[in-house]
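One structure below.
Below, chain A is the first sequence line, B the second, and so on; all start at residue 1. What you see is a predicted model; the values in this text were computed from it and never measured.
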2 protein chains.
Amino acid sequence: MEAELTSDIARQPLTRPTEDYLKAIYQLSNDGGLVATTDLALVLGLAPASVTGMIKRLSEQGLALHERYRGVRLTHEGRRIALRMLRRHRLIEAYLVGFLAYTWDTVHAEAERLEHAVSDDLIERMAQVLGHPIFDPHGDPIPDAHGRFAEFVHVPLADVAAGETVTIRRADTRDDGRLRFLAAEGLVPGTVVTVIARQPYNGPSSLEVGGERRIVGHELATMLLCSRGT
Amino acid sequence: MEAELTSDIARQPLTRPTEDYLKAIYQLSNDGGLVATTDLALVLGLAPASVTGMIKRLSEQGLALHERYRGVRLTHEGRRIALRMLRRHRLIEAYLVGFLAYTWDTVHAEAERLEHAVSDDLIERMAQVLGHPIFDPHGDPIPDAHGRFAEFVHVPLADVAAGETVTIRRADTRDDGRLRFLAAEGLVPGTVVTVIARQPYNGPSSLEVGGERRIVGHELATMLLCSRGT
DNA sequence: ATTGAAAATTAGTATGTACTAAATTCGTTT
DNA sequence: AAACGAATTTAGTACATACTAATTTTCAAT
């Protein structure tokens, strides 16, 4: 259903901003719905007017569809490229952590630059030495070379009832401070956690993690996506 | 004598073209002399007029000194950056060959893009896992973090007299076809070669390489830089 | 139905880097 | 010394991407 990520259709090389916009649009429209100019501007750190201009260019290139005053969404080709960038980004993160002793709180910035510079060849070599991983260090799924990836339904730790035992699968933040804190608390993908108690009004949760007692605030508990059971 | 390659003097981030120009200027002026606009244009694949414009910008940034109608040379700061790019380029090549099964004929293009995208941190990690190598896969010296590197006087294989035994130290071409051919013939850095005979008028040399008899044309023999002895 | 705030777009501008075509300078040859 | 060809620079333009300020559109509230 999805075209090859490494399709060799002859096309002018994409610029770095183009790749960034496509990735951002993709990530802001999980459902494939319209993405608002303001949201895009916020995520990319740009003025809304700049985003409008770029969206026009993306449309002319057949990478996005612009509904004036309503938003953008990606074309098939645009989505193909976005998924290609996502594969690159996440594989690079996995590689840096696996082979160059990066930690999950430092890989994001590095991958953000490298994803635009590596060749398809290098990406596939990284995938190979990593054993074709399906998840990156944050638990985000890595699309395969065809743009397909596993989708799981996860529950935020903040929504897990007291008494339940879950496994952390994904950390939904890129903020390095938060990531460092979570790692220090042992709250990383793969960890099995039992919720001992939950305070109401966005209060903290008491956890049992590997025999130890831990407390996490509501904000972080929201970002820890889990699956039920061990 | 040379400033830190990883100096953290606050400066606006350099653009990719800027880095490319500085590296090219450095490489075209081994002696530190003036580099001609045309030569630069040729190496960079640009129109001379474009080069003139860029040189002007480099001068304004204090990275190069322009003597109108005569040429350019680098300032200390420009040279510092050029050496930093050279270190990056060559370490990346060494890394790709050492850890990702690249061959010496394919690394150049990949390194050419990556050298602009990696962080100083990543470069130093690569250097570390490689054991701080001094030469890249082509035998080119890798500047250290201070911009210093070993300079050796080498003899082109084409100038080696019959009967002499030399060790190949460096292949002075980036052309992938030529590099592939040389590798297939076993003519790579570290190989010990005895010249059996040399034909005059830019003719081929007969060699003895690891017990085998080989013939190399003059053009390639010019590009193989050697040191005397085994 | 009107209005007002938020969102989005247009208009006009700046920057970096490239181009072509025209003009200038240099250095050598006569 | 003059003149010519090669090298270089200038002039003028284009394109991608960003910005601010001004304008327009949308939508929800009255």
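Contacts between residues 108-116 of chain B and DNA chain C, counted as heavy-atom distances below 4.0 Å, involve no residue at all.
With hydrogens and angles disregarded, a donor-acceptor distance shorter than 3.5 Å links the side chain of B:Arg87 to the backbone of B:Pro143. A distance-only check finds no donor-acceptor pair linking the side chain of A:Arg79 to the backbone of A:Tyr26 [under 3.5 Å]. No side-chain donor-acceptor contact under 3.5 Å links A:Arg88 to the backbone of A:His116. Formation of a donor-acceptor pair under 3.5 Å by the A:Ser50 side chain with backbone atoms of A:Leu46 is not found in this model. In this structure, B:Ser29 contributes its side chain and B:Val35 its backbone to no donor-acceptor pair below 3.5 Å.
Separating the NZ atom of A:Lys56 from the C1' atom of D:dT17 is a distance of 14 Å, rounded to the nearest angstrom. Atom CG of B:Leu58 and atom P of D:dT9 are 13 Å apart (whole Å). Protein atom CZ of A:Arg70 is 15 Å distant from nucleotide atom C1' of D:dT24, rounded to whole Å. Taking atom CD1 of B:Ile55 as the reference point, atom P of D:dT10 lies 11 Å away to the nearest angstrom. Atoms CZ (B:Arg68) and P (D:dA7) sit 18 Å apart, rounded to a whole Å. The CG atom of A:Leu40 sits 14 Å away from the C1' atom of C:dA7 (whole-angstrom rounding). One interatomic measurement links the two molecules: CG of A:Leu44 to P of D:dA16, which rounds to 18 Å at whole-angstrom precision. Here the C1' atom of nucleotide D:dT10 and the NE2 atom of B:His66 are 12 Å apart, to the nearest Å.
Using a 4.0 Å cut-off between charged side-chain N and carboxylate O, B:Arg90 and B:Glu115 make no salt bridge. One finds no salt bridge joining A:Arg174 and A:Asp105 here, because no Lys/Arg side-chain nitrogen approaches an Asp/Glu carboxylate oxygen to under 4.0 Å.
Relative to the six-membered ring of A:Tyr102, B:Arg125 meets both conditions, a distance below 6.0 Å and an angle of at most 45° to the axis.
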**OP:** For each nucleotide in nucleotides 16-23 of chain C, reading 5' to 3', give B when a protein heavy atom comes within less than 4.0 Å of its base, S when such contact involves only the sugar-phosphate, and - otherwise.
**Re:** SBSBBB--
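Side-chain contact annotation: B:His138 with B:His108, donor-acceptor N/O pair under 3.5 Å absent.
Among the atoms of the strands shown, base atoms are found under 4.0 Å from some heavy atom of B:Thr52.
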